[in-house]
Amino acid sequence: MNQESAGHKAARALSERLPMRCKFVEGTNRDEDRLELLEGEMLNATISLRCVTLMHLRPTHIEHIAAQLGSFPDGGILLTNYANPSITKALTSKGINFFDLSGNCRIHTPVFYFAVDGLKPVKEDKPTSNKAFELAGMKLILTLLSGIAPITASYRDLAQAAGISLGTVGPALDGLYGAGFIMHRDKPAIRKLINKKKLLERWVETYTEKIKPKLFVGNYEAENYYLWQEINLADYGGYWGGEVGAQILTNYIRPQVFTIYINAEKRGKLFAAARIRKADPMGNNQRTTIEVYEKFGPDYPAFSSHPLDVVNPIIVYADLIGTHDSRNLDVAQAVYDSRLDQFISED
């Protein structure tokens, strides 16, 4: 489900539960989307709220969302796919307006207050499948956009480079061709990847909404803020992503939330060495927050300027974009300019 259709579906669900009609209005870009509570018997005038969309919301996102919505004159509103009871409680405690696909909501304006909670998640319609944007295809796109393997390589070489089965390469290339990202599909020698910036944007959106939530292991914490400088994750088969990865690549940010990509078999040794433990549910602000994920895609080659303990820079970029934090969006651009542009820019 894309964010545009999600807005309309959530507004319809809201209209069924509120004593007024609601309308989702798409802006020329996502930053301009709005939810409108329409004039009628309950309202003397339409209320329009600027809308921020984050479909797979986790507790660690809430501070960022609160700061972003707090900067809007109208207070804004968050659209997410589902606000479970614990998320609803956390959002409410921060005074965050929100609505989801089920009709759960909290909307507090100077003239209107309404809240609905406890509704079950709705089953999402399955869109027509494009194999390029399923698991194997996403690994192949990551491989191509990263310069790990050229689009002209044989199916066998592409499969090996991406770490996917040989049988998944053809359908993924078909999907890329059908979506307008490949020229000369059936002529390997001159096959070409095109519209790479648009492809990157679609990859980031799909990774953030569909892939990354399934990789999530859990929230952890450590007392030592400087462990990212003292521990070489490569020694444990892991990588830094997100804000730490961006700091190592750009020296542009002081990390606040740490992101680690590491598989289960190496996790115990790392956690023992770095004294990483499960996060305190009460939220001790004196400790460093660490989000842990399973690794995704092929290992990034040791290009001359890329640190061995940082994940593929495309994943670092996606991590930053996915926070919806204005500070991180600036850093994401720095990562793009310094690490991705050489592969993404058109020939």
Side-chain angles (χ1 to χ4, degrees), residues 1-18 22-27 29-37 49-66 68-69 76-107 114-130 133-135 138 201-219 257 259 291 293-294 296 318-325 328:
M1 177 184 296
N2 59 42
Q3 292 181 342
E4 176 182 349
S5 62
H8 292 297
K9 290 188 176 184
R12 284 198 295 273
L14 204 57
S15 294
E16 293 173 2
R17 289 160 178 85
L18 267 59
C22 304
K23 180 180 179 182
F24 184 75
V25 180
E26 301 159 19
N29 57 61
R30 291 179 191 165
D31 292 338
E32 298 174 356
D33 291 346
R34 306 190 74 85
L35 175 70
E36 292 187 348
L37 310 174
L49 299 173
R50 189 169 166 186
C51 184
V52 170
T53 300
L54 183 54
M55 296 308 289
H56 296 281
L57 182 68
R58 294 195 303 277
T60 52
H61 294 142
I62 291 176
E63 290 291 344
H64 293 317
I65 292 295
Q68 187 174 4
L69 293 178
I77 192 166
L78 168 70
L79 165 63
T80 190
N81 65 327
Y82 179 63
N84 62 35
S86 63
I87 288 289
T88 294
K89 183 177 179 181
L91 292 171
T92 300
S93 71
K94 293 290 184 181
I96 296 174
N97 288 333
F98 72 90
F99 66 121
D100 69 12
L101 297 177
S102 300
N104 294 302
C105 68
R106 175 201 183 265
I107 304 176
F114 205 87
V116 176
D117 59 34
L119 298 175
K120 302 294 185 182
V122 298
K123 291 184 178 180
E124 298 180 5
D125 297 332
K126 291 187 177 180
T128 303
S129 176
N130 182 331
F133 298 98
E134 295 184 0
L135 188 64
M138 288 287 285
E201 291 173 355
R202 184 161 177 185
W203 189 94
V204 167
E205 181 177 347
T206 304
Y207 176 77
T208 301
E209 295 189 6
K210 293 176 60 178
I211 304 295
K212 190 176 178 182
K214 296 177 182 178
L215 303 176
F216 185 59
V217 175
N219 289 315
V257 176
T259 303
E291 297 179 350
Y293 296 85
E294 293 283 339
F296 178 78
D319 287 341
L320 297 169
I321 294 291
T323 67
H324 295 263
D325 179 355
N328 283 347

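With respect to the salt-bridge test (charged N to carboxylate O, under 4.0 angstrom), the residues Asp33 and Arg50 do not qualify. Glu26 and Arg34 are not joined by a salt bridge, as no carboxylate oxygen comes within less than 4.0 angstrom of a charged side-chain nitrogen.
Contact annotation: the side chain of His324 never approaches that of His64 to less than 4.5 Å [non-hydrogen atoms, C-beta and beyond]. For the pair Thr208/Ile321, no side-chain contact is recorded, criterion being any heavy-atom separation below 4.5 Å from C-beta on. Inter-residue side-chain proximity for Phe99 and Leu35 is flagged as met; some heavy-atom pair is nearer than 4.5 Å. Between Asp319 and Tyr207 the shortest side-chain heavy-atom distance falls below 4.5 Å. Here the side chains of Ile77 and Leu69 are not in contact, with every heavy-atom distance at 4.5 Å or above. Residues Leu57 and Asn81 form no side-chain contact, since every pair of their non-hydrogen atoms from C-beta on lies 4.5 Å or further apart. Looking only at side-chain heavy atoms (C-beta outward), Thr206 and Met138 come within less than 4.5 Å of each other. With a 4.5 Å cut-off on side-chain heavy atoms, Phe98 and Thr88 count as touching.
Atom-to-atom distance recorded for Leu14:CG and Asn104:CG is 10.0 Å, nearest 0.5 angstrom. In this structure, CE in Met55 is found 9.5 Å from CG in Leu78, a value given to the nearest 0.5 Å. Annotation: the span from Asn97 atom CG to Thr92 atom OG1 amounts to 9.5 Å, rounded to 0.5 Å. Taken from CD1 in Ile211 to CD in Glu205, the straight-line distance is 12.5 Å, to the nearest 0.5 Å. Going from atom NZ of Lys89 over to atom CG of Leu91 covers 12.5 Å, rounded to the nearest 0.5 Å. For the atom pair Tyr82 OH and Ile87 CD1, the distance stands at 10.5 Å (nearest 0.5 Å).
Heavy atoms only, all atoms of each residue included: Gly322 and Leu54 are closest at O-CD1, 3.6 Å. Looking at every heavy atom in both residues, Gly103 comes nearest to Ala13 through N-CB, 3.9 Å. The minimum heavy-atom distance linking Thr80 with His56 is given by the pair OG1-N, 4.3 Å. For Gly7 against Leu79, the heavy-atom pair with the smallest separation is CA-CD2, 3.6 Å. Between Ser102 and Pro121, the shortest heavy-atom distance links the atoms OG-CA, 3.3 Å.
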Step-by-step side chain to side chain contact (heavy atoms under 4.5 Å, CB included) determination, Lys212 to Phe296: CA-CA 9 Å; Lys212 190 176 178 182; Phe296 178 78; over 6 Å; no
Assess the residue pair Asp325 and His61 against the criterion (side chain to side chain contact (heavy atoms under 4.5 Å, CB included)); give the C-alpha distance rounded to whole Å, side-chain angles, the decisive distance to 0.1 Å, and a yes or no. CA-CA 9 Å; Asp325 179 355; His61 294 142; over 6 Å; no
Is there a side chain to side chain donor-acceptor pair (under 3.5 Å) between Tyr293 and Glu291 once you walk through the steps? CA-CA 7 Å; Tyr293 296 85; Glu291 297 179 350; 3.2 Å; yes
Stepwise side chain to side chain contact (heavy atoms under 4.5 Å, CB included) test for Cys105 and Asp117: CA-CA 7 Å; Cys105 68; Asp117 59 34; over 6 Å; no
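Between the side chains of Asn328 and Thr323, a donor-acceptor pair is found at a separation under 3.5 Å.
Ring orientation note: the planes of Phe24 and His8 are nearly perpendicular, at an angle over 60° on the 30°/60° scale.
Relative to the ring axis of Phe133, Arg202 places its NZ or CZ within 45° and under 6.0 Å from the centre. At least one test fails for Arg106 against the ring of Phe114: distance under 6.0 Å to the centre or angle within 45° of the axis.
A donor-acceptor pair is defined here as one N or O able to donate and one able to accept, closer than 3.5 Å; such a pair exists between the side chain of Asp100 and the backbone of Ala83.
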